Amino acid sequence: MTQLVITLKDQSYLPNIRRIVKSLVGVEKVTTAKPVVRKKRLSRYEQSLLDVKEGRVNSYESSEEFFKKMGDTSTHSDLFKK
């Protein structure tokens, strides 16, 4: 089976075109489909701005505070002791 795809800018022409195509010899079936709307994929920068806007960002005064919050018993300064 061969298919013909027609893209219309103005949807108001659709009923007339369907009627005309159906009347052609050899046409078995005429179907219409709505265009697939694809969601724009955000860049990493845009995603980070969205994270800030929606409150998905944490701030810490120091690395010590960060490690304490994460539950690490050793501190950042312990890692660099000689």
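Sequence positions, counted from 1, serve as the residue numbers for this chain. Keep in mind the model is a prediction, meaning the values are calculated, not measured.
If you chain together hydrophobic residues whose side chains sit under 4.5 Å apart, V52 and F66 never meet in one group. Note on V57: it does not cluster hydrophobically with Y45, by side-chain heavy-atom contacts below 4.5 Å among ILVMFWY residues. In terms of hydrophobic clustering, with Ile, Leu, Val, Met, Phe, Trp and Tyr side chains grouped at heavy-atom distances under 4.5 Å, L24 and L4 are assigned to a common cluster. With hydrophobic clusters built from ILVMFWY side chains whose heavy atoms lie under 4.5 angstrom apart, Y13 shares a cluster with V21.
Between the CG atom of D51 and the CG atom of L42 there is a distance of 9.5 Å, given to the nearest 0.5 Å. Note that NZ of K29 and NZ of K22 are 11.5 Å apart. Values are rounded to the nearest 0.5 Å. Interatomic distance, L14 CG to T32 OG1, rounded to the nearest 0.5 Å: 5.5 Å.
For E54, the CD atom counts as densely surrounded, since its 6.0 Å shell holds more than 12 non-hydrogen atoms of other residues, nucleotides or ligands.
Under the 4.5 Å side-chain criterion, counting only non-hydrogen atoms from C-beta, Y60 is not in contact with K68. The shortest distance between side-chain heavy atoms of K69 and N58 does not fall below 4.5 Å. In this structure the side chain of L49 never reaches within 4.5 angstrom of the side chain of E46, judged on heavy atoms.
Nearest heavy atoms, R18 versus V30: NH2-O, 3.3 Å.
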### Chi angles and distances behind the side chain to side chain contact (heavy atoms under 4.5 Å, CB included) call for R56, Q47
CA-CA 11 Å; R56 293 188 294 250; Q47 182 63 48; 3.5 Å; yes
